[in-house]
Asker: 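Have a look at the structure that comes next, please.
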Amino acid sequence: MATLNLLFTAGMLLLLLVLAGRVALRLDQSVIAAYILVGIFVGPYAPSVGGVSLTLVESPEVIRLLSDLGVVLLLFFVGLELSLEQLFSNRTRFARAGAVDIGVSLPLGIGLGLAFGFTLLEAAFVALIVFNSSTVIIAKSLIDLGWIADTESQAILGVIVIEDVITALGFAVLSVFLVSGTDVSTVALSIAWSVLFLVVLLGAAYYGSGLLERAFDIESSELFLLGVLGVAAVVAGTGLLVGVSEAIAAFLVGTAFGRTRHTDRIERLVAPSRDLFAAMFFVVIGLQTNPALLTASLGFVVVAVVVTTGGQLVSGTLAGRAYGLDRQRAVRVGCALTPRGEFSLVIAAFLVTAGTSPTLRETIPAFTVGYVLLTSVLGTILMRNADHLSRVFASLTSQNSSDVS
Amino acid sequence: MKVFESQIPGVGQRYTLRFPTGGEFVVLLHNDGRRQTYWRADADADGDELFEVTESQARKIAEIFDGTYFHPAEEGLDDAFEDARIRWVEVTATSPIADQRIRETGLRSRTGVSILAIQRDSETLSNPDSDTELRVGDTLVVVGSDEAYDALDELLDA
């Protein structure tokens with residue numbers, strides 16, 4: 001048999017993604033889970049059917065660059081679309097809702113990690129992974145269900161923004177502490193470099209938007225696209241050099257661009273590239289997932305899904321109530337916040353290369369893949385049945401109160 | 001009528017128009033140009049999706065609401081005037097009239113050409129007053145005689 005060339009392989013992979021994506025959309029699911037599954041089924045650990053291995057891509061290295069750009073663009077857009085003004089205009093309600101969500105979910109995540117026998121740092125990473133609700137999945141479901149026009153969508157989107165900010169902050173802080181070596185001075189120096197980079201980047205993002213504004217007054221669309229990609233990649237790469245996650249660096253670049261007039265043009269010109277590269281990122285996540293590790297962590301995954309989805313349902317509903325919604329809409333908030341996705345996977349992918357213990361490099365990433373696959377599907381199902389769920393709650397509580405009387 | 005605007009990450013912009021008589025009209029403006037519309041009878045009701053339109057259809061609807069919609073004439077507008085023509089002139093970065101107010105350019109007194117409207121990005125400023133600034137990238141809709149255009153070409157080439 002002739003050896004397949006790279007172009008053919010890439011084409012086959014893309015077509016498989018289209019096929020899997022169509023099935024996912026038909027089932028009202030997000031494409032993220034579909035892309036990951038394709039990666040698992042055609043990767044180096046692919047199963048054999050009738051003695052023929054399904055492996056199409058021997059190693060994720062072939063599309064590593066595309067996938068890295070996917071991480072950069074995913075988080076770049078989170079930063080770009082971060083609209084803190086909306087939060088500030090309604091700050092007391094969002095502060096209450098956010099505080100309830102964070103107050104329940106983060107401690108729950110850390111407790112879960114510690115209960116699995118992880119160290120505090122490892123548990124903190126687990127907490128972030130199980131904390132961040134997927135903007136991509138939720139935004140799609142909000143439109144599919146028509147909730148986008150209703151009052152609860154404001155609360156849901158606000159809480160997601162708060163979660164993204166907290167996750168980015170937590171991720172930045174935790175990644176600084178991921179240094180290998182025992183020599184105190186080297187460790188201190190490495191931490192100092194990371195912190196310095198973050199501080200400088202934060203300052204540049206805050207004060208440099210005027211400069212970006214002028215520098216990107218480029219008439220040519222293609223040069224504009226290349227320029228945005230170039231700036232994001234260079235800063236993200238510099239972040240990696242000094243031990244800061246490329247995703248955090250890209251996030252901060254995104255916030256800087258979000259303060260310029262170029263936001264709409266970036267949405268128009270760069271979003272298609274983001275979709276392409278992000279798909280490659282989800283595929284690579286699948287490619288480097290060993291199903292053996294996935295099944296090994298299945299126990300963790302199931303426990304985590306039950307505990308955190310339950311926790312999120314409660315905290316989300318309470319957050320909705322704190323925001324001032326009625327019970328039905330508050331339950332919708334609880335259901336909407338349960339899917340996990342891109343941000344959790346970005347953290348897991350970072351740990352694969354930057355992790356300093358086998359738990360961080362293997363166990364937690366495999367756990368994350370299983371966790372995201374389950375919650376993304378379960379979350380969309382919960383959202384579709386939210387109103388049914390709130391009726392069940394209502395009948396339960398009314399029964400309780402009639403028992404009491 | 002109150003209008004509320006909010007960003008929907010990864011999707012686009014949402015506008016909620018609250019009518020004083022009750023009811024809310026919601027427009028979801030996707031980044032790819034599609035517009036989805038919803039109606040809510042009151043603030044507590046669930047939204048019902050009304051219809052979805054493309055960007056160009058939305059523009060037509062907007063013109064009808066605005067009272068500015070008209071059917072384009074069958075023949076070119078060029079023939080509508082005896083000795084005057086309508087032309088579209090782009091303001092380039094090197095143009096001597098760029099970044100000036102219409103009054104400062106002296107366009108009308110120096111060439112005899114009048115500006116009917118300015119096309120800026122996706123909006124049209126019709127009948128601009130003399131304080132309006134001409135920006136790079138604007139397309140000017142101008143009317144004038146052949147002589148006036150000769151004068152205009154000279155001015156722009158200067």
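Just so we're on the same page: letters track the sequence lines, and every chain starts at 1.
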Asker: Should the pair A:Tyr35 and A:Phe282 be assigned to parallel (<30°), tilted (30 to 60°) or perpendicular (>60°) ring geometry?
Answerer: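 If you compare the ring of A:Tyr35 with that of A:Phe282, the planes turn out tilted.
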
Asker: Heavy atoms only, distances under 4.5 angstrom: which of A:Arg274, A:Arg268, A:Arg329, A:Gln328 has the most pairs with chain B? Name it, please.
Answerer: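 Answer, by heavy-atom pair count under 4.5 Å with chain B: A:Arg329.
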
Asker: Tell me, out of A:Leu80, A:Ile143, A:Ile138, who's got the most heavy-atom pairs with chain B below 4.5 Å.
Answerer: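 The candidate making the most pairs under 4.5 Å is A:Ile143.
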
Asker: We want to know whether A:Ser133 and A:Arg340 form a side-chain donor-acceptor pair, criterion being a heavy-atom distance below 3.5 angstrom.
Answerer: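 On atom types as modelled, these side chains qualify, holding a pair under 3.5 Å.
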
Asker: Where does B:Gln7 contact chain A at under 4.5 Å (heavy atoms): side chain, backbone, both or neither?
Answerer: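 Backbone plus side chain of B:Gln7, per the 4.5 Å heavy-atom cut-off to chain A.
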
Asker: Pick one: which of B:Gln13, B:Glu52, B:Gln36 meets side chain to side chain donor-acceptor pair (under 3.5 Å) with B:His30?
Answerer: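 Exactly one candidate clears the test, B:Gln36.
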
Asker: Counting heavy-atom pairs under 4.5 Å with chain A, which one of B:Glu5, B:Glu24, B:Arg40 comes out on top?
Answerer: B:Arg40

Asker: Relative to the ring of A:Phe171, is the ring of A:Phe343 parallel (under 30°), tilted (30 to 60°) or perpendicular (over 60°)?
Answerer: perpendicular

Asker: Check A:Thr260 against A:Phe257 and note the closest heavy-atom contact, atom names and distance.
Answerer: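 Taking A:Thr260 first and A:Phe257 second, the nearest heavy atoms are OG1-O, 2.7 Å.
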
Asker: For A:Thr135, is it the side chain, the backbone, both or neither that has a heavy atom under 4.5 Å from a heavy atom of chain B?
Answerer: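 Side chain of A:Thr135 only, per the 4.5 Å heavy-atom cut-off to chain B.
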
Asker: What closest approach, in Å, do A:Ile162 and A:Gly98 show between heavy atoms, and which atom pair accounts for it?
Answerer: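 Heavy atoms only, the tightest pair is CD1-CA, 3.9 Å.
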
Asker: Checking heavy atoms, do the side chain of A:Leu142, its backbone, both or neither come under 4.5 Å from chain B?
Answerer: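 When you check distances to chain B, no heavy atom of A:Leu142 falls under 4.5 Å.
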
Asker: Side chains of B:Ser130 and B:Arg108: any donor to acceptor distance under 3.5 Å?
Answerer: no

Asker: By a 4.5 Å heavy-atom criterion (distance strictly below it), what part of B:Ala93 contacts chain A: side chain, backbone, both, or neither?
Answerer: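 For B:Ala93, no heavy atom lies under 4.5 Å from chain A.
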
Asker: Where on B:Thr16 is there a heavy atom nearer than 4.5 Å to chain A: the side chain, the backbone, both, or neither?
Answerer: neither

Asker: In terms of heavy-atom pairs under 4.5 Å with chain B, which of A:Leu325, A:Thr151, A:Ile148, A:Ile160 leads?
Answerer: A:Ile148

Asker: Identify which part of A:Leu157 has an atom lying under 4.5 Å from any heavy atom of chain B, answering side chain, backbone, both or neither.
Answerer: side chain

